[in-house]
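Working notes, beginning with the structure itself.
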Amino acid sequence: MAETLVPVFAALGDDTRWSILQALGETDASASALAGRLPVSRQAIAKHLTVLQEVGLVEPVRVGREVRYRVVGAQLSSIARRLEAVGAEWDRRLAAIKDIAESL
């Protein structure tokens, strides 16, 4: 059975976590830097980063004394492939329905 995406989508269902992921898509950043960009405290950002890290969407990287976070591209690519497969199946089903409707 394929790994479930429920935890990933639950994590992304929060607007702040989605904003964090978008910001990290532009550049790696520390919790403090993210707090400077978003209307959320550093402590709240740290908690959101923990959730994103637990589902494999971000990873911490130590740079000197600072911990910066970056997006895990492989995880996002895997999710995109799985969603694309779902979309392709729906396209196939809709094409079959169209063919049936046109033949009537």
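All values below come from the heavy atoms of this structure, side chains included, with hydrogens, waters and symmetry mates left out.
Under 4.0 Å is where a charged nitrogen must lie from a carboxylate oxygen, and between R37 and E26 at least one such pair does. Taking a cutoff of 4.0 Å between a charged side-chain nitrogen and a carboxylate oxygen, R68 and E66 qualify as a salt bridge.
Closest of all the heavy-atom pairs between V55 and P7 is CG1-O, 3.6 Å. Between S30 and A33 the shortest heavy-atom distance is OG-N, 3.0 Å. When all heavy atoms of S41 and A35 are compared, the closest pair comes out as C-CB, 4.1 Å. The two residues W18 and L12 come nearest to each other via the heavy atoms CE3-CD2, 3.6 Å.
Looking at Q53 and E59, their side chains never come closer than 4.5 Å, going by heavy atoms from C-beta outward. When side chains are defined from C-beta on, H48 counts as touching D14, because their heavy atoms get closer than 4.5 Å. Contact annotation: the side chain of L57 approaches that of V8 to within less than 4.5 Å [non-hydrogen atoms, C-beta and beyond]. Considering only heavy atoms from C-beta on, V67 stays 4.5 Å or farther from V61 through its side chain. Side-chain contact between D28 and V71 is absent, with no heavy-atom pair separated by less than 4.5 Å.
The environment of E84 atom CD is sparse: at most 12 non-hydrogen atoms of other residues, nucleotides or ligands sit within 6.0 angstrom. Within a 6.0 Å radius of CG in D91, other residues, nucleotides and ligands contribute more than 12 heavy atoms.
The OG1 atom of T16 sits 12.5 Å away from atom CG of L21, with the distance rounded to the nearest 0.5 Å. Rounding to the nearest 0.5 angstrom, the gap separating the CG atom in D15 from the CD1 atom in I20 is 11.0 Å. Residue Y69 holds its OH atom at 10.0 Å from CG of L24, rounded to the nearest 0.5 Å. The NZ atom of K47 lies 14.5 Å from the CG atom of L52; values are rounded to the nearest 0.5 Å. A distance of 10.0 Å separates CZ of R92 from CG of L94, quoted to the nearest 0.5 Å.
Proximity of a side-chain donor or acceptor of T27 to a complementary backbone N or O of A23 within less than 3.5 Å is not detected. Side chain of R17 to backbone of A11: a donor-acceptor contact under 3.5 angstrom is found. In this structure, the side chain of Q75 does not engage the main chain of V58 through any donor-acceptor pair within 3.5 Å.
By the rule that hydrophobic residues join a cluster once side-chain heavy atoms approach within less than 4.5 Å of another member, I45 and V51 end up as members of separate clusters.
Counting side-chain heavy-atom gaps under 4.5 Å among Ile, Leu, Val, Met, Phe, Trp and Tyr, the cluster of V86 also holds W90.
Scanning for side chain to side chain donor-acceptor pair (under 3.5 Å) contacts around R81 gives an empty result, with sequence neighbours left out.
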